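All of these numbers come straight from a predicted model, not from anything done at the bench.
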Amino acid sequence: MKTFAFALAALALSAGAASAQDYRIAFGDLDLGSVAGADAFDARVNTAARRACRGIAPLAEHQCRARFRAEAMNLLPSVRRDEYARARGGRVLAAVPVIYG
């Protein structure tokens, strides 16, 4: 089964210290090119994000989860990321800020 792991440094605001832990998300058993497979992958990522980011201030937790999801997508092999994008109908996976001068 294919998995990927990454360390997320979650800042514990109350304690004022950072802790890092590896999170593994399996994807080898999923067809990311199907809506059902993409939904299952999203559920796995969201479950891991909730675990990784719990116990911090609500706004920081929201930001932590967003960073976690972005990093999880970034770490998928490009072929699997393309399959996922097709299943999502070309949904934007990342936003790039545009600065107008």
(Q) Within this structure, what is the CG-CZ distance for the pair Asp82 and Arg86, rounded to the nearest 0.5 Å? (A)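 Interatomic distance, Asp82 CG to Arg86 CZ, rounded to 0.5 Å: 6.0 Å.
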Q) Got a second to check how far Phe41's CZ is from Leu32's CG, nearest 0.5 Å? A) 6.5 Å
If the threshold is 4.0 Å, N to carboxylate O, is there a salt bridge linking [X] and [Y]?
X     : Y     : value
Arg44 : Asp39 : no
Arg67 : Glu71 : no
Glu83 : Arg80 : yes

Taking [Y]'s backbone N and O only, do any of them form a donor-acceptor pair with [X]'s side chain (distance below 3.5 Å, no angle check)?
X     : Y     : answer
Arg88 : Ala38 : yes
Arg81 : Met73 : yes
Asn74 : Ala70 : no

Q. Looking at side-chain heavy atoms only, is the closest gap between Pro77 and Phe27 below 4.5 Å?
A. yes
**Q.** Flag side-chain contact, heavy atom, 4.5 Å: Val79 against Tyr84
**A.**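 No, their side chains stay 4.5 Å or more apart.
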Q. Can you tell me if Arg50 and Thr47 form a side-chain donor-acceptor pair at under 3.5 Å?
A. yes
Might you point out which heavy atoms bring [X] and [Y] nearest each other, and give the distance in Å?
X     : Y     : answer
Asp31 : Ser34 : O-OG, 2.9 Å
Cys53 : Glu61 : O-CG, 3.3 Å
Gly37 : Leu30 : O-CD1, 3.9 Å

